[in-house]
Amino acid sequence: MMYMEGDEGHDERGSREEWTLLFWTSLAVIVPVIITLWCSTQRSKRKTHMKDFFRKSKHGWHYTDLFNKPTYCCVCSQHILQGAFCDCCGLCADEPCLRRADRSLPCKEIMAPARPDGAPEHRWVRGNVPLASYCAVCKQQCGTQPKLCDFRCVWCQTTVHDDCMASLADAEHCDLGEFRSLIIPPHYLYHVNKLRRRHPDEYSKLASSCGSGWTPVLVLANTRSGNNMGEALLGEFRTLLNPVQVFDLSELTPPKALQLCTLLPPGSVRVLVCGGDGTVGWVLDAIDTMKLKGQDQFIPRVTILPLGTGNDLSNTLGWGSGYAGEIPVEQVLRNVLDAEVVKMDRWKVQVASKGLYFRKPKVLSMNNYFSVGPDALMALNFHTHREKTPSFFSSRIINKAVYFLYGTKDCLVQECKDLDKRIELELDGERVALPSLEGIIVCNIGYWGGGCRLWEGMGDEPCPPTRLDDGLLEVVGVFGSFHCAQIQVKLANPVRLGQAHTVRLVLKSSRMPMQVDGEPWAQGPCTITITHKTQVLMLYHSAEQTDDDDDDESSASETESPTPNDSPRPPGPASARA
């Protein structure tokens, strides 16, 4: 009997210990989960609150969890690791001081009166000067002390030591610095706003106060292009220029952004498009809209900072095959200053579907190329999958790898074979006999397929040169995806079908993939007609330009194209289509 009572007590203690262990185990699991959920909720609320605060602020605040260099709060002067910075004026503040900084420290003013003598004023911000900056007075390095020290002007980017500020000659007068000819001064917009009569002649008179050779630049950035560098670039351009001339195309469309051109002297504006070829086409379409509105005199010159995947138009105009931050933004602006103006043809692509006589033909604009066949199929597959999972296609390297995979798949499947039996080609009204092709490419520019010189090929066959402004299209054929790959690595040439002012293709049967400047679709039986639409003024950059060349070119008219020659530089005004 005693044995049984002891056994029951032992079982009762064991059960109690098990429940105690279960309780503490559950507590150890549940408490961290509750804390994590609570922190996540608070973080979400805080993020929403900060976002609302930033939206109402006059500063361009951006919150960061970790500054990439030693940073000090402009209010309390304490060292901060996380906080917010303004990408327009460079103010930095920790979270407790953020509201006070927003109230008491003004940002860059996009519109403000000048001094009585007409000169703009310095706008000094203390502390957090750029690395490797030097004092304008003593020429020694600034920002070397571990505290909030030294000053920087948000307009001319001049830096001065605290002790040297009193010795700075004409400390109130600001000349807007190195990029004064690209900046829209705040006093110019102030006077424009005061004008009773908005007329181009009035803008030209006001421009005299901005100095000779004033060619303001508008920056239009697509934050979703290529490597998603657009947002960081927007901040860097706002730092160097007037924030009013920097636009995020995810928030404001090109037609609305380009309306600023109508408040500036006619023929003076340059537009820097940060994005891929699709973004450039979007902006050029907006320029065509300006022409339809009778605003031809305000048409800007367009240049490119290539952020996309292919960037063939950028490559043709000498701006490179892709930008990944290898040169600073300051050098980008210097290149824009040195660029020369060239003309470029734009084309109208009409797609009239067979049997749909009462429906208007689809009309597209073409800058680069039109194609039907394997390269259009790769673009269509890529576009379809990017629409489903856009976050996956945020890297230029990943995008090119996906293109490679689709090309490899088509080498095995050959979905576009026997194209010559399904399509008819006419060049300037004359029928062209086609070999056994899988694809036809109609080019306006020198580059295709992410950097391939398609028309000139390997250079082992003589062919007439290409130009940007001759009103001619180059038409070539390819035998399949593998042939396209061989052309891109210079192991083969395309089939040159000819040059023409008007190209007509008739798809007699089945559906085929087609694309215009990287915008693909699947098309049934139809007639495609490509005719000349208009010309636009683009900016060409020559990396081999010398100082003597600069002097010679400065005396030439901006609207005249340079004379073509046989120089080996990338196809631009000299060797491709001036």
Salt-bridge test for D296 and K291: reply yes if a basic N is under 4.0 Å from a carboxylate O, no otherwise. no
Just wondering, do [Y] and [X] contact through their side chains at under 4.5 Å, heavy atoms?
X: Y203; Y: R198; answer: yes
X: V536; Y: V302; answer: no
X: N193; Y: M111; answer: yes
X: L176; Y: P185; answer: yes
X: L317; Y: L539; answer: no
X: N128; Y: Y72; answer: yes
X: L233; Y: V219; answer: no
X: C274; Y: L220; answer: no

How close do [X] and [Y] get, counting heavy atoms only, and between which atoms?
X: C76; Y: D94; answer: SG-OD2, 3.5 Å
X: F179; Y: L333; answer: CE2-CB, 3.6 Å
X: M344; Y: L284; answer: CE-CD1, 4.0 Å
X: K139; Y: A136; answer: NZ-O, 3.1 Å
X: G320; Y: P306; answer: O-CG, 3.7 Å
X: S181; Y: L337; answer: OG-CD2, 3.1 Å

How long is the span from the [atom1] atom in [X] to the [atom2] atom in [Y], to the nearest 0.5 Å?
X: L98; Y: E95; atom1: CG; atom2: CD; value: 7.5 Å
X: L258; Y: I287; atom1: CG; atom2: CD1; value: 6.0 Å
X: F237; Y: E330; atom1: CZ; atom2: CD; value: 9.0 Å
X: H59; Y: D87; atom1: NE2; atom2: CG; value: 11.5 Å
X: I299; Y: C261; atom1: CD1; atom2: SG; value: 8.0 Å
X: C156; Y: E178; atom1: SG; atom2: CD; value: 11.5 Å

Test your reading of the model: is there a side-chain donor-acceptor pair from [X] to the backbone of [Y], 3.5 Å cut-off?
X: Q245; Y: N242; result: yes
X: E326; Y: A324; result: yes
X: T223; Y: E231; result: no
X: T239; Y: G235; result: yes
X: S204; Y: P200; result: yes
X: R270; Y: T303; result: no
X: H122; Y: H173; result: yes
X: S104; Y: R100; result: yes
X: T71; Y: K69; result: yes
X: K108; Y: V154; result: yes

Do [X] and [Y] have side-chain atoms, one donor and one acceptor, less than 3.5 Å apart?
X: D277; Y: N368; result: yes
X: W319; Y: N335; result: no
X: Y369; Y: Q515; result: no
X: Y323; Y: N311; result: no

Evaluate the side chain to side chain contact (heavy atoms under 4.5 Å, CB included) criterion for residues T159 and C135: first the C-alpha distance (whole Å), next the side-chain angles of each, then the deciding distance (0.1 Å), finally the verdict. CA-CA 5 Å; T159 52; C135 177; 5.6 Å; no
Show the numbers, then the answer: is there a side chain to side chain contact (heavy atoms under 4.5 Å, CB included) between K293 and Q259? CA-CA 11 Å; K293 293 180 178 178; Q259 286 306 300; 4.1 Å; yes
Write out all pairs satisfying salt bridge (charged side-chain N to carboxylate O under 4.0 Å, His left out) with one or both partners inside residues 158-168, taking only residues at least two apart or from two chains. R126-D162
Side chain to side chain contact (heavy atoms under 4.5 Å, CB included) assessment of Q82 paired with L66: CA-CA 5 Å; Q82 63 178 24; L66 183 65; over 6 Å; no
Is the ring centre of Y188 less than 6.0 Å from the ring centre of W214?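 Distance test on ring centres: under 6.0 Å, yes.
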Going by salt bridge (Lys or Arg N to Asp or Glu O under 4.0 Å), name the residues that satisfy it together with D288, two or more places apart in sequence or in a different chain.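 D288 satisfies salt bridge (Lys or Arg N to Asp or Glu O under 4.0 Å) with R346, K533 only.
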Under the criterion side chain to side chain donor-acceptor pair (under 3.5 Å), I'd like the reasoning laid out for D102 against W61: C-alpha separation, chi angles, the key distance, then a yes or no. CA-CA 9 Å; D102 192 70; W61 293 115; 2.9 Å; yes
For a side chain to side chain contact (heavy atoms under 4.5 Å, CB included) check, start with the C-alpha distance between C107 and C86, then their side-chain angles and the critical distance, and finish with the verdict. CA-CA 8 Å; C107 190; C86 174; 3.6 Å; yes
Does NZ belonging to K362 count more than 12 external heavy atoms closer than 6.0 Å?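 It does: K362 NZ has more than 12 such atoms within range.
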Classify the ring geometry of H191 against H187: parallel below 30°, tilted from 30° to 60°, perpendicular beyond 60°. perpendicular
